[in-house]
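Hydrogens, waters and symmetry mates play no part in the numbers below; they use all other heavy atoms, side chains included. Note that the numbering runs from 1 along the sequence shown for the chain.
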Amino acid sequence: MPSTPSPLTALTPLLQEVIAQSLAFKDSEDVFARRATPHTLRDLLLEDLPEQPATAQAIWEDISERLLPYCVKHEQPPLHGIRRHRR
């Protein structure tokens, strides 16, 4: 009996695009270009739920246009959620 493909198989190209664009952005000088206040970021994140469903591609395009430019580049492990335990 043939195996059923994973639902992620169809999303593989999009996931690769998300990773590539995110890494390219984090490695660029644009990562330092835009800053926003917490209030502005909250307003970007909080919105009414859409009336109609959206494709994964449309969701990524929205995130990359509205939110990605405000991402910052933190080099410190604790800012990535990595904690060093003291002995």
Side-chain angles (χ1 to χ4, degrees):
M1 177 161 51
S3 63
T4 305
S6 166
L8 290 178
T9 302
L11 290 176
T12 298
L14 175 61
L15 295 173
Q16 290 172 334
E17 177 185 338
V18 168
I19 291 168
Q21 283 185 11
S22 298
L23 290 174
F25 176 78
K26 291 295 244 177
D27 198 36
S28 73
E29 290 300 315
D30 292 341
V31 75
F32 302 107
R34 292 176 80 178
R35 293 289 182 257
T37 65
H39 181 78
T40 300
L41 292 175
R42 186 198 69 215
D43 290 347
L44 287 170
L45 291 168
L46 296 178
E47 61 183 30
D48 292 335
L49 292 174
E51 300 260 338
Q52 300 295 320
T55 65
Q57 180 69 41
I59 293 168
W60 168 242
E61 288 170 4
D62 182 50
I63 289 170
S64 64
E65 290 171 11
R66 288 187 319 127
L67 301 175
L68 188 62
Y70 293 104
C71 290
V72 295
K73 187 173 188 174
H74 293 296
E75 300 294 337
Q76 299 171 339
L79 296 174
H80 291 285
I82 301 169
R83 289 187 167 180
R84 293 191 177 142
H85 296 285
R86 294 185 180 161
R87 294 182 186 208

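Closest of all the heavy-atom pairs between Trp60 and Ser22 is CH2-OG, 3.7 Å. Of all heavy-atom pairs between Pro69 and Ser64, the closest is CD-O, 3.3 Å. Closest heavy-atom contact between Gln57 and Leu14: OE1-CD1, 3.2 Å.
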Test side-chain contact (heavy atoms from CB on, under 4.5 Å) applied to Leu23 and Ile19, step by step: CA-CA 6 Å; Leu23 290 174; Ile19 291 168; 3.7 Å; yes

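Taking CZ from Arg42 and OG1 from Thr37, the interatomic distance works out to 8.5 Å, rounded to the nearest 0.5 Å. Interatomic distance, Leu11 CG to Thr55 OG1, rounded to the nearest 0.5 Å: 10.0 Å. If you take CD on Gln21 and CD on Glu61, they are separated by 9.0 Å, rounding to the nearest 0.5 Å.
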